[in-house]
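This report concerns only the one structure given below.
A note on names: the letters A, B, ... follow the listed sequences, proteins ahead of strands, and every chain is numbered from 1. Heavy-atom basis, side chains included; hydrogens, waters and symmetry copies ignored. Source: prediction; values computed, not measured.
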Protein chains: 2
Amino acid sequence: MMSEPRADVHNSDMPVLCQACEARHRGVCGALSGTELLQLSSKASRREVVPGTELAADAELTSSYANILSGVVKLTKILADGRQQIVGLQFAPDFLGRPFKATSETNAESATTVRLCTFPRAVIDRMISETPELERRLLQQTLNELDEARGWMVTLGRKTAAEKVASFLYLIATHINPESESATNVSFELPLTRADIADFLGLTIETVSRQMTKLRKADVISIENNRHVTVPDLERLAHRASI
Amino acid sequence: MMSEPRADVHNSDMPVLCQACEARHRGVCGALSGTELLQLSSKASRREVVPGTELAADAELTSSYANILSGVVKLTKILADGRQQIVGLQFAPDFLGRPFKATSETNAESATTVRLCTFPRAVIDRMISETPELERRLLQQTLNELDEARGWMVTLGRKTAAEKVASFLYLIATHINPESESATNVSFELPLTRADIADFLGLTIETVSRQMTKLRKADVISIENNRHVTVPDLERLAHRASI
DNA sequence: TGGCTCACTTGACCCAGATCAATGCCACTG
DNA sequence: CAGTGGCATTGATCTGGGTCAAGTGAGCCA
């Protein structure tokens, strides 16, 4: 029993039914036609992983691409002595996987429970070269990731600890609840542990904790069970993040 | 009088003659065929700018794309209170310009004297949609820039001042002299002022200066006229950068 | 039910790098 | 050729965030 689709979803980002994933989603695959999707369906498989699963190492992403159906994936880099930096967070419906040869080593790891729809690399590579619109989407997503990475460089290089934490919370708030750009009483689960947040912000666990406490005591946010955050006034948080 | 091309240059990165620029260069335009290049030539123009020229603001890059023929361009972001961060450096023969709508504000400014070959935006946009190989190259370059940005995030978030400066010098050494990955007596002009280096590394001018002095006194580098750097043993520098 | 572990918080102290301030060193220019 | 202004270096001091260490609290398993 399908309801009539609203007119405003008839744009290029319109969700399509991915047979393989048995789920509607936007993202790169939205560029494929019905027959192409059908073709892809037979090769795709669905998978759910627990938090902390290496996605790059277990041949998941070296031989495959994947759509994130739900959850958060962290992209990390590590120095020889163990210092770690999270260089990106991927949310649904982002596309995971690096076309061409990468010039640097990055690991992908699930931060939360993650549901993936994975495709064999060869199939997608062929589709990319055959479907200009797919390549266009991929370029689009890559440019967005580049913008995000460069935006985050400002946070890493020039913001104080307080601003970093506020920026992080603002980032999560807007990504978990995309519609709430400047809403009141936004509420969400933090997809990252304090250690992950520290690795994302270039801080230590202790500093992250202290700054969260500060925000809590200043009534900018409230926290339950360490992970559930409520932001009464997102505008105010954004201001602290000095966006 | 053409000499027989060597076999090993017959790859996809083969330099092509860009009529417009009256210069051979690699890069994104290398994907274009002879007729396409000729077509582009009539629309392209060559330009040389002094250091410190805004390239995004003067309608250079909002209405155009450009190939960098020589020199270094810095991509910067600025916070409301004036704090600045350089989020990328572009060297010849990089392609300058952002397809689609950008999700964040970035400024492009020449760090050195820069020679550009600029194209009207509309012409390139059409060529991109008509020439899959061109779009492929663009995706390729964008992915490389993404890798670089993410690599630099580790430097910004997790390295010490000493490591940051060493990483910077290593980056410049390898980009100015691409062939010298691990050579001896590498020598080059720094394309950035101390202030720019500080903005790239998320440090202050003073800290950059002190770290350079330290490297000089440790005989890792030698400096003439503030800008000319010689690295007797690049391997040793790379080690200090803890690449 | 009691002891573990894991994630987080809090406190005390310290240091790398920021800040403030002075000086040096050209290259211009009037 | 003194005067000026843009860069860079160097020194003295301060402080934000790191380090080390202890404590809390919620599961979870035996």
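The CZ atom of Arg210(B) sits 16 Å away from the C1' atom of dC7(D) (whole-angstrom rounding). Atom pair Leu190(B):CG and dC7(D):C1' shows a separation of 13 Å (rounding to whole Å applied). Atoms CG (Asn226(A)) and P (dG25(D)) sit 11 Å apart, rounded to a whole Å. The nearest whole Å value for the distance from the CD atom in Glu206(B) to the P atom in dT15(D) is 16 Å. Counting to the nearest Å, the C1' atom of dG17(D) and the NZ atom of Lys159(A) are 18 Å from each other. Rounded to an integer number of Å, the gap from CE of Met212(B) to C1' of dT9(D) is 11 Å. To the nearest angstrom, P of dG16(D) lies 13 Å from CD of Glu163(A).
The phosphate of dT9(D) (OP1 or OP2) has a side-chain N or O of Ser209(B) nearer than 4.0 angstrom. Residue Arg227(B) places none of its side-chain N or O atoms closer than 4.0 Å to OP1 or OP2 of dC7(D). Close to dG17(D), at under 4.0 Å from its OP1 or OP2, lies no side-chain N or O of Thr204(A).
Positionally, the nearest nucleotide of DNA chain C for Leu192(A) lies more toward the 5' end than for the other of Ala161(B) and Leu192(A). Residue-to-nucleotide proximity on DNA chain C shows that, of Arg158(A) and Arg194(A), the 5′-proximal contact is made by Arg194(A).
Contacts of Gly52(B) with the nucleic acid, taken as non-hydrogen atoms under 4.0 Å apart, are absent.
Taking the six-membered ring where tryptophan is involved, the planes of Phe200(A) and Phe168(A) are perpendicular, since the angle between them exceeds 60° and thus also 30°.
Residues Thr155(B) and Lys164(B) have side chains that never bring a donor and an acceptor to within less than 3.5 angstrom of each other.
A nucleotide of DNA chain C counts as in contact with chain A when one of its atoms lies under 4.0 Å from a heavy atom; the first and last such, 5' to 3', are dC8(C) to dA12(C).
Evaluation of atom-type donor-acceptor distances gives no pair under 3.5 Å for the side chain of Arg216(B) against the base of dT10(D).
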Q: Kindly indicate, with the supporting measurements, whether the criterion salt bridge (charged side-chain N to carboxylate O under 4.0 Å, His left out) is fulfilled by Asp147(A) and Arg98(B).
A: CA-CA 10 Å; Asp147(A) 284 345; Arg98(B) 172 67 162 82; 2.5 Å; yes
